[in-house]
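Below: one structure, written as structure tokens.
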Amino acid sequence: MVWFFAIDEIELGEGGKKPLLVEGEKLLLIRQEGGFYAISNKCPHMDCPLSKGTLEGFVIKCPCHDWLFDIRSGEFLNAREIKVPAYGTKVAEGKVYVNMER
Amino acid sequence: MKKVVMYTLSTCPWCMRAKKFFREKDIPFEYIDYDKADEGTRRSIREDCLSHGEEMSFPFVKIGEDVVVGYNPQKYSSLLNLSEG
Amino acid sequence: MSVDTEKRMEQFRTMFQRVIDPLGYKFSPDTELVDFLLEQEVLLEKEKGNPYCPCQGLTGEREHDMQLVCPCIPFHREHFDAMKRCWCGLYVHKDVDDPDSLVQISKKEFEASRTKV
């Protein structure tokens, strides 16, 4: 496991999302129902920034063409073989870490 | 001879092939490019496609009372009683 | 064809390959057709903002039109799987060597064949 510091827990409120650069990767960190979820910020369709999309529950909608992804698994809801890369997260002592090994 | 009317798109190679097919067989046809048509025409084309239980997939070819969606020379030929080739 | 158009076509090739591969599709071996369709998509993107399918009609309603942005396979999967190609023929199933042997089956014909089973 290769854990990298992302943000302080208090920086992101419930239902919030924040684009981050971790180890050169454009990530999107989301806090939902008490958990933290990290996915690539680039839509696997045409690289649009998912941070500009809308979040409803555990589903984020890409702002460009409305593709829907489950932020927990990264799966595209219309074809689950297509995924936006999803990364593990953990919280320790008020800090959020992302596991960059997928 | 049955009347041939086509709905097409100016960007669609299968629409071009369909037009070429009828031209080469010397069969007169009319066509409307949906993407170049005015709003009213577009609406009526859409309604026509939907009324046949189809989506707006082009070419949409009407041969007499029959409809063929897609480029299908075999179906065009058989509806027009043409010999193949 | 302008340099910009060619460049964008190459970008589409790279991005769309990534999408279609896990779905079991590849670019058609008919390279002339592929080049033509990709060029149309670049022109459609310039004109309408998105690389829409060159062979299906837009209505102007977002929900409808977004399902026609290339590659539109995810939104028409069963229908396209039955034809072993997408509607415009830009993509075919990976095992297809002779794309000319494939025929377009309309939505209605496809639905009818499904209810027969």
Side-chain angles (χ1 to χ4, degrees), chain A residues 17 19-30 37-88 98-102, chain C residues 7-27 37-38 41-54 56 58-82 85-87 90-91 93-94:
Chain A
K17 54 182 165 26
L20 296 169
L21 196 63
V22 179
E23 286 299 290
E25 291 288 326
K26 285 179 180 170
L27 297 190
L28 178 63
L29 191 71
I30 295 162
Y37 301 90
I39 55 175
S40 164
N41 196 26
K42 288 197 287 188
C43 179
H45 179 206
M46 294 184 73
D47 294 341
C48 291
L50 293 172
S51 54
K52 297 209 169 102
T54 47
L55 180 69
E56 241 179 82
F58 292 107
V59 175
I60 193 152
K61 186 200 267 188
C62 179
C64 288
H65 308 109
D66 298 355
W67 283 28
L68 302 171
F69 299 91
D70 189 318
I71 58 167
R72 294 165 295 187
S73 59
E75 286 174 344
F76 173 36
L77 299 193
N78 286 86
R80 296 193 180 262
E81 301 92 327
I82 296 172
K83 289 186 176 78
V84 60
Y87 303 86
V98 178
N99 176 16
M100 294 306 291
E101 275 180 9
R102 283 197 275 131
Chain C
K7 211 168 151 188
R8 192 62 178 151
M9 282 167 70
E10 283 315 305
Q11 289 172 341
F12 285 176
R13 269 183 226 275
T14 310
M15 290 189 289
F16 298 166
Q17 172 61 33
R18 225 166 45 192
V19 172
I20 62 169
D21 183 72
L23 302 177
Y25 286 76
K26 64 179 180 184
F27 277 97
L37 288 166
L38 285 176
E41 290 187 5
V42 172
L43 300 175
L44 281 162
E45 186 185 47
K46 273 188 202 152
E47 191 190 326
K48 299 180 190 296
N50 291 303
Y52 293 110
C53 176
Q56 297 177 82
L58 303 171
T59 63
E61 294 147 30
R62 186 172 171 98
E63 207 177 322
H64 175 272
D65 292 352
M66 283 298 133
Q67 302 204 344
L68 299 182
V69 177
C70 190
C72 70
I73 301 166
F75 306 102
H76 314 269
R77 188 93 179 258
E78 292 179 10
H79 180 194
F80 291 176
D81 280 348
R85 54 172 278 178
C86 68
W87 183 256
L90 180 57
Y91 310 116
H93 273 187
K94 284 179 183 173

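The sequence lines fix the lettering, A, B, ..., with proteins before strands; numbering per chain opens at 1.
In this structure the side chain of C:E41 reaches within 4.5 angstrom of the side chain of C:L90, judged on heavy atoms. Residues A:M46 and C:N50 have side chains not in contact (no heavy-atom distance under 4.5 Å, counting atoms from C-beta outward). In this structure the side chain of C:K26 never reaches within 4.5 angstrom of the side chain of C:D21, judged on heavy atoms. Looking at C:P71 and C:Y25, their side chains never come closer than 4.5 Å, going by heavy atoms from C-beta outward.
Heavy atoms only, all atoms of each residue included: C:P22 and A:I82 are closest at CG-CG1, 4.0 Å.
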Problem set entry | side chain to side chain contact (heavy atoms under 4.5 Å, CB included) evaluation trace for C:L68 with C:H76 | CA-CA 9 Å; C:L68 299 182; C:H76 314 269; 3.9 Å; yes
For this session: Please lay out, stage by stage, how C:F80 and C:Y91 fare under the test side chain to side chain contact (heavy atoms under 4.5 Å, CB included).
Result: CA-CA 10 Å; C:F80 291 176; C:Y91 310 116; over 6 Å; no
For this session: Take A:D70 and A:L77, measure what side chain to side chain contact (heavy atoms under 4.5 Å, CB included) needs, and give me the verdict at the end.
Result: CA-CA 7 Å; A:D70 189 318; A:L77 299 193; 4.2 Å; yes
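The aromatic rings of A:F69 and A:W67 are tilted relative to each other, their planes meeting at an angle between 30° and 60°.
Among residues 55-64 of chain A, the residues having any heavy atom closer than 4.5 Å to a heavy atom of chain C are, in sequence order, A:P63, A:C64. Of residues 38-45 of chain A, those residues with a non-hydrogen atom less than 4.5 Å from any non-hydrogen atom of chain C are, in numerical order, A:C43, A:P44, A:H45.
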